[in-house]
Undergrad: 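My questions will all concern the structure given below.
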Amino acid sequence: MIHGLAHPYGLDPEGIDPDPGGKKSFPLADGIEAVFCNAEALLEHGPGTQRATDAQRIAGTFAEPGVLLAAWCETEIPVRGEEHEGMKPAEVKTALAENDAKHQVVRELAKAAVPSQFLVGREYDPFTKTFTIIKRPAKAFEDHRVYMGLLDLYRSCGVVDDRFERALYPGDDPYPLPRMAFCGIHIRKQATDRKYKGQPKRIITASVIIPSPEPGGPWRMIGWSNIHPQWEHYALAQSNFHAANYPLHTENGDGEIQRWAQAGEDVRTALQELHDELDGLPYALMIDGHASRRVWPGLHNNKQGLGKDPGDPRLWLPASGLPPSWNPVSIIRMNCAQAEMPRLVAVTEKQKNGKTVPLRPPATSTTRKPGPTATPGSCSPNPATTARSAMGSGRPAGAPTRGKHRRMPTSARRTN
C-alpha cells in the first residue's frame, strides 16, 4: 500500500513512516494527503457489533469541511476456522461471506459518505495454516493490483484522470470532437426469488463525466441510481447507493417485459434530469449492449429503420418522448463480453513528447492474424486487462486531474 501511494507521485516509499495513531499526515501532491490509522477492530471479520460505531468514529476523526475523505483498507480474505468444523462446504461459504468485514465496512463508511477500497495485504497458506504478507513485485510499475485499486478509489471519489482529455481531445486530431459529456448506463437484473410472484426490479446506475469548458481544466463526474434517483457528485452518489438496500421483491406479479419497461422509464427520467445538470452541453449515451438488450427494441440490429410496435410497452429508444434538444447526440452500444469482441492485435502509446511508441500486446489476451491480409487496426476487448498488462511500461497509475482540497486516502492497516 505504501509503495502504491508513493510511486505514482514520485515519492520515496522509505520516506513514509506510518503513524498508527493517525496524528501525522503525509502530503502526496498539492491538495492530497495520506493519513494512516490502526483500524483493527473495524476490519476484523465477524459479526462486528461495534463496526458502525468504529466507522463513525474514524470518519469523524478525519473529516473536515471542504475535504473529500476516502478510505483505503488493507485486510485479508476470511478463511475457514475451528468454528466451521462439521459444516458443509456451502454452509461454510455462506458463513464466511456473512462475516466478511469488507461488505459491512463498505456500507458503514458509505453512511458517512466515505468512499472505500480494499486491498489484500496478507494471504493464507492452507498447508502451514498461517498468514504471510504479500510480496511486492521487483518493479514498481508491475504492482498492478495495487495501482488498479488506487485508480478505483480515485474513481469512487469522482476524480477524472487527465488521460481522458488527452485521449478524446488530442491537439493534432484531424477530426476534433466538440466539448461534450459522456453518460454511461448500467442495468442489472437481480436474482429471481421463487417465493414471490413476478420479476424483481432492475437496478440501474448511471455516471457522467463532464469536460471543462476549456481544454486543460478539471473534469467533473456525477452519478445517479434508481435507488437514490437524483444526480449528485459521484462520491456522494456512490455512497448513497452503497448505504441503501436494494428494492424488495414485491408480489405485484410484474413479468419480464414489464420490468424492462420500468427500467427504460427510469433511464428516461435520469436523462430528463441530466439536461438541467449539463446546462445545454451535448452528451453521448453509452450503454452495455448485453445487459440492456431487452430494454430498448429500437437499438436491436434487426429493428433498424423500423418503427415502434404499438403492443410493446417498452420505450423504443432511451430518450423517447423527450424534447429533441434533450436527446443524446449519439448512442453507443458497447458489447464488451470477451466472446463478442475481436482480439487485440496491436498496442501503441502516444507519449507526452508527441512520439508514438509500439507496445508489446499481452500474450494471454491477444492473437495476431497471420499473412498479408492482416489489417492495420487495433481494438481493446478488455480495457481493464489491457491496462493491467500492456500498459505497465507506461505511466504506473496515472495521477488524478487537477484539483484542490482533497485528502485521500485514509489508510486502515491491519496489524494482527
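Computed from a predicted structure; not experimentally measured. FYI, the numbering just counts along the sequence from 1.
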Undergrad: With a 4.5 Å limit on heavy-atom distance, are the side chains of F182 and V208 in contact?
TA: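 Not touching, per the 4.5 Å side-chain cut-off.
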
Undergrad: Quick one: does F36's side chain get under 4.5 Å of F26's, heavy atoms only?
TA: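 A side-chain contact exists here, since the closest heavy-atom pair is under 4.5 Å.
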
Undergrad: For Q50 and A41, indicate whether the former's side chain and the latter's backbone hold a donor-acceptor pair under 3.5 Å.
TA: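 Judged by distance alone, no pair lies under 3.5 Å.
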
Undergrad: Are the side chains of P310 and D312 in contact, using a 4.5 Å heavy-atom criterion?
TA: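 When only atoms from C-beta onward are counted, P310 and D312 do not touch, as no gap falls below 4.5 Å.
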
Undergrad: Mind checking the CG-CH2 spacing from N226 to W224? Nearest 0.5 Å is all I need.
TA: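 Answer rounded to 0.5 Å: 5.0 Å.
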
Undergrad: List for me each residue that meets side-chain contact (heavy atoms from CB on, under 4.5 Å) alongside R294, sequence neighbours excluded, and say none if there are none.
TA: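 Once residues adjacent in sequence are excluded, the partners of R294 under the side-chain contact (heavy atoms from CB on, under 4.5 Å) criterion are E256, W260, R314.
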
Undergrad: Can you run down the ring pair (Phe, Tyr, Trp, His ring centres under 6.0 Å) pairs that involve residues 272-326, sequence neighbours left out, and say none if there aren't any?
TA: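 For residues 272-326, and leaving out neighbouring residues, the ring pair (Phe, Tyr, Trp, His ring centres under 6.0 Å) pairs sorted by first residue read H275-W326.
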
Undergrad: Quick check: closest heavy atoms across N302 and L306, and the distance to 0.1 Å?
TA: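 Scanning both residues completely, I find the closest heavy atoms to be O-CD1, 3.7 Å.
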
Undergrad: Can you list everything that forms a salt bridge (charged side-chain N to carboxylate O under 4.0 Å, His left out) with E265? Sequence neighbours excluded, please.
TA: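 Scan of E265 (salt bridge (charged side-chain N to carboxylate O under 4.0 Å, His left out), adjacent residues dropped) gives R268.
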
Undergrad: Check whether any side-chain heavy atom of V267 sits under 4.5 Å from a side-chain heavy atom of T269, and report yes or no.
TA: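 Counting from C-beta outward, V267 and T269 never come under 4.5 Å.
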
Undergrad: Counting distance only, does the side-chain N/O of H242 pair as donor-acceptor with the main-chain N or O of E108 below 3.5 Å?
TA: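 No; judged by distance alone, with no hydrogens or angles, the pair does not exist.
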
Undergrad: Return the set of residues passing salt bridge (charged side-chain N to carboxylate O under 4.0 Å, His left out) with K102 (not counting sequence neighbours), or none when no residue passes.
TA: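 Salt bridge (charged side-chain N to carboxylate O under 4.0 Å, His left out) check on K102 returns nothing, list empty.
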
Undergrad: Main chain of A291, side chain of D288: is a donor-acceptor contact present, judged purely on distance under 3.5 Å?
TA: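 Yes.
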
Undergrad: Please answer whether the main-chain N or O of G171 pairs with a side-chain N or O of R166 as donor and acceptor at a distance below 3.5 Å.
TA: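 A pair under 3.5 Å: no.
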
Undergrad: Quick one: salt bridge (Lys or Arg N to Asp or Glu O under 4.0 Å) pairs with a partner in residues 317-330, sequence neighbours left out?
TA: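 Residue pairs with at least one partner in residues 317-330: there are none.
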
Undergrad: For Q238, which of S116, S207, S225, S156 qualifies under side-chain hydrogen bond (donor to acceptor under 3.5 Å, both in side chains)?
TA: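 So the option named by the test is S156.
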
Undergrad: Is the backbone N or O of A52 less than 3.5 Å from a side-chain atom of R57, with the two atoms forming a donor-acceptor pair by type?
TA: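 Not a single qualifying donor-acceptor pair exists.
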
Undergrad: Is there a side-chain contact between H45 and T75 (heavy atoms, below 4.5 Å)?
TA: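 Result yes, sub-4.5 Å side-chain heavy-atom pair found.
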
Undergrad: Within the side chain of R333, is there an N or O that forms a donor-acceptor pair under 3.5 Å with the backbone of L299?
TA: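 It does hold such a pair.
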
Undergrad: Can you name the closest pair of heavy atoms from P297 and L315 and give their distance?
TA: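 Looking at all heavy atoms of both residues, the closest pair is CD-O, 3.2 Å.
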
Undergrad: Heavy-atom distance under 4.5 Å between the side chains of L281 and I210, does that happen here?
TA: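 In contact.
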
Undergrad: Has the side chain of W72 got a donor or acceptor atom that lies under 3.5 Å from a matching backbone atom of F118?
TA: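 Answer holds: no.
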
Undergrad: Are the side chains of R202 and R188 in contact, using a 4.5 Å heavy-atom criterion?
TA: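 No, side chains not in contact.
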
Undergrad: Spell out, as yes or no, whether a donor-acceptor pair under 3.5 Å connects the side chain of N240 to the backbone of L236.
TA: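 Yes, because the side chain of N240 sits within donor-acceptor range (under 3.5 Å) of the backbone of L236.
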
Undergrad: Using the side-chain hydrogen bond (donor to acceptor under 3.5 Å, both in side chains) rule, collect all pairs that involve residues 168-181, keeping only residues at least two apart or in two chains.
TA: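 Residue pairs passing side-chain hydrogen bond (donor to acceptor under 3.5 Å, both in side chains), neighbours aside: E165-R179, D172-K350, R179-S212.
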
